[in-house]
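Step one of this worksheet: look at the structure below.
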Amino acid sequence: MYQAKDQGRNTLCFFTPRMQADAAARSALEAELRVALQRGSIEAWFQPVVDAAGRITGAEALSRWRHPARGLVPPGEFIPLAEQTGLIQQLGRHMLRLACDQLVRWAGSRRTSHLIVAVNVSAREFRHPDFVGEVVRVLEETGAPPRRLKLELTESMLLHDVQESIARMNALKTLGVGFSLDDFGTGYSSLAYLKRLPLDQLKIDQSFVRDVLTDRNDAAIARTIIALAHSLGLDVVAEGVETEGQRSFLLRHGCLRFQGYLYGKPMTGAAFEALL
Ligand code: C2E
Ligand code: CA
Ligand code: CA
């Protein structure tokens, strides 16, 4: 049934032993993920975000699972599973806590106290009735400065119930928490909603940045997003910046924040501090 639904519904699908194997592998992975969360084997890695002068202004926290047999597992392999099983709630809280712990460490020194940490929030977490309460609790328990925390949301999760989304964002904004719209340009990009949402930043999706120098459409989209951000009074950051050429194109069109392999891959907190 799930296979048929995945194929767009209203279709037939025959059972194959492969499906059974996949289902078994999924449930084994789920059990392992549950244990990993209890044992703290999910780590936060940090990828630098830099300004026009190349100075590090903060980092995006990205989850990595240190698996005893498989080594370091990237989020693409367990976030969807966590979302399907509801473990995302726990995972999100864990990542938020790790990010806040990092902020507390950085708050102690003049050299690092300005750094912003961005955390990804999944749709299911954001829609949880106690989402705001959870964030507030983690901020209070860790003592992290709310002004240094940024939450990355995606459009689809905000458009589900715009009024409620705005209310939730505003509740956290009064504490100083910032909001960034991730993967911008890949969804509906509804301009009517965009101006109503209390956002601070747009993130240009890496799919536009990748070919910004060779694909005229991608270049046009990137330029348009930058102009849109400026006219709405929002910050704009380009992600997936890998080359100097991409950076100078984006800079030339008014983008002043960059994230990508050109500046550093996601790294452990210790490696990030060494880079600083
Ligand atoms: P994202 O939020 O769009 O994060 C950016 C992804 O692009 C990261 O992949 C990062 O490693 C990768 N990246 C950064 N710079 C470059 C570059 O220059 N070139 C290329 N090719 N890739 C680059 P990662 O870490 O594998 O994360 C994948 C996705 O998993 C994230 O996409 C995010 O949607 C999700 N994710 C990661 N951690 C969390 C988390 O703690 N919670 C939630 N809900 N989602 C998470
Ligand atoms: Ca992100
Ligand atoms: Ca993104």
Side-chain angles (χ1 to χ4, degrees), residues 33 36-37 40-50 56 58-66 71-102 116-128 131 134-135 138 149-158 178-187 189 199-213 222 225 235-247 250 257-269 271-272:
L33 183 56
L37 277 166
S41 328
I42 307 288
E43 303 178 1
W45 283 35
F46 298 91
Q47 185 178 31
V49 176
V50 309
I56 297 176
E60 176 174 4
L62 293 155
S63 55
R64 296 289 183 268
W65 177 0
R66 203 173 281 281
L72 211 58
V73 184
E77 290 179 34
F78 62 89
I79 296 281
L81 179 79
E83 281 171 341
Q84 283 159 27
T85 54
L87 282 173
I88 194 69
Q89 219 65 37
Q90 210 181 323
L91 188 136
R93 196 184 313 130
H94 177 70
M95 287 298 292
L96 189 61
R97 178 169 291 274
L98 293 176
C100 285
D101 288 344
Q102 189 63 264
I116 303 273
V117 173
V119 180
N120 292 287
V121 175
S122 91
R124 198 156 164 184
E125 277 178 87
F126 186 72
R127 284 190 209 142
H128 190 278
F131 172 72
E134 283 283 1
V135 176
V138 174
L149 178 67
K150 185 164 273 161
L151 299 179
E152 295 197 357
L153 312 176
T154 54
E155 271 173 288
S156 54
M157 63 202 256
L158 297 172
F179 288 95
S180 181
L181 198 53
D182 206 357
D183 307 336
F184 188 71
T186 61
S189 306
L199 290 162
D200 302 279
Q201 183 180 72
L202 298 184
K203 284 190 100 164
I204 307 174
D205 190 66
Q206 52 188 13
S207 63
F208 306 119
V209 173
R210 192 181 309 123
D211 298 322
V212 84
L213 295 178
I225 295 175
D235 222 15
V236 58
V237 45
E239 65 180 1
V241 179
E242 294 184 354
T243 67
E244 190 48 49
Q246 292 166 339
R247 184 198 94 106
L250 293 158
R257 293 257 185 287
F258 310 93
Q259 178 183 347
Y261 295 169
L262 182 61
Y263 305 98
K265 292 193 172 179
M267 57 191 95
T268 61
F272 192 91

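As the structure lists them, so they are numbered: ligands from 1, and atoms in each ligand from 1. As the structure is a computational prediction, the values presented were derived from the model and not from experiment.
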Review point. Does Leu262 reach the side chain of Thr243, with side-chain heavy atoms less than 4.5 Å apart?
Key: no

**Study point:** pair Pro75-Arg64: side-chain heavy atoms closer than 4.5 Å
**Key:** yes

Could an N or O of ligand 1 be found under 3.5 Å from any N or O of [X], whether backbone or side chain?
X      : value
Ser63  : yes
Glu242 : yes
Gln47  : yes

Check your understanding: Would atom 32 (O) of ligand 1 count as contacted, meaning some protein heavy atom under 4.0 Å?
Key -> no

**Study point:** Under-4.0 Å protein heavy-atom contact, atom 15 (N) of ligand 1
**Key:** yes

Check your understanding: What are the atoms of ligand 1, with element, lying closer than 4.0 Å to any heavy atom of Gly260?
Key -> 15 (N), 18 (O)

Practice item. Please identify which atoms of ligand 1 are closer than 4.0 Å to at least one heavy atom of Asp182. Key: 2 (O)

Could you tell me whether ligand 1 has any atom less than 4.0 Å away from a heavy atom of [X]?
X      : answer
Lys203 : no
Pro266 : yes
Arg210 : no
Gly76  : no

Short question: side chain of [X], backbone of [Y] - any donor-acceptor pair under 3.5 Å?
X      : Y      : answer
Gln246 : Arg210 : yes
Asn120 : Glu152 : no
Arg124 : Glu83  : yes

Point to revise | Pair Glu239 + Lys203: basic N to acidic O under 4.0 Å | key: yes

**Study point:** Evaluation steps, salt bridge (charged side-chain N to carboxylate O under 4.0 Å, His left out), between Glu43 and Arg66
**Key:** CA-CA 7 Å; Glu43 303 178 1; Arg66 203 173 281 281; 2.5 Å; yes

Revision key, fill the gap. Among Gln206, His94, Glu125, the residue with a heavy atom nearest to atom 23 (C) of ligand 1 is Gln206

What part of [X] sits under 4.0 Å from ligand 1 if we count only heavy atoms: the side chain, the backbone, both or neither?
X      : value
Leu262 : neither
Ser122 : both
Ile79  : side chain
Glu60  : side chain
Asp183 : side chain

Distance, nearest 0.5 Å, that separates [atom1] of [X] from [atom2] of [Y]:
X      : Y      : atom1 : atom2 : value
Leu153 : Leu181 : CG    : CG    : 7.0 Å
Gln89  : His94  : CD    : NE2   : 15.0 Å
Leu250 : Phe208 : CG    : CZ    : 12.5 Å
Trp45  : Leu98  : CH2   : CG    : 13.5 Å
Met267 : Leu62  : CE    : CG    : 11.0 Å
Leu87  : Phe78  : CG    : CZ    : 11.0 Å

Quick one: nearest non-hydrogen protein atom to [atom], plus distance?
atom                    : value
atom 24 (P) of ligand 1 : Pro75 CG, 3.6 Å
atom 41 (O) of ligand 1 : Met95 CG, 3.2 Å
atom 5 (C) of ligand 1  : Glu239 OE1, 4.2 Å
atom 34 (O) of ligand 1 : Asn120 OD1, 4.6 Å
atom 18 (O) of ligand 1 : Tyr261 N, 2.8 Å

Exercise for review: Evaluate the side chain to side chain contact (heavy atoms under 4.5 Å, CB included) criterion for residues Ile79 and Leu91: first the C-alpha distance (whole Å), next the side-chain angles of each, then the deciding distance (0.1 Å), finally the verdict.
Suggested key: CA-CA 9 Å; Ile79 296 281; Leu91 188 136; 3.8 Å; yes

Study note, to complete from the structure: Protein-side N, O or S atoms sitting under 3.0 Å from the Ca ion (ligand 2) are Glu60 OE2, Asn120 OD1, Glu152 OE1, Asp182 OD2

Exercise for review: Would you name the heavy atoms of Gly240 and Val209 that are closest together and state the gap between them?
Suggested key: O-CG1, 3.6 Å

Review point. Mind checking what makes salt bridge (Lys or Arg N to Asp or Glu O under 4.0 Å) contact with Arg97, not counting sequence neighbours?
Key: Glu141

Practice item. Give the intermediate values and the outcome of side chain to side chain contact (heavy atoms under 4.5 Å, CB included) for residues Gln47 and Tyr261. Key: CA-CA 9 Å; Gln47 185 178 31; Tyr261 295 169; 3.9 Å; yes

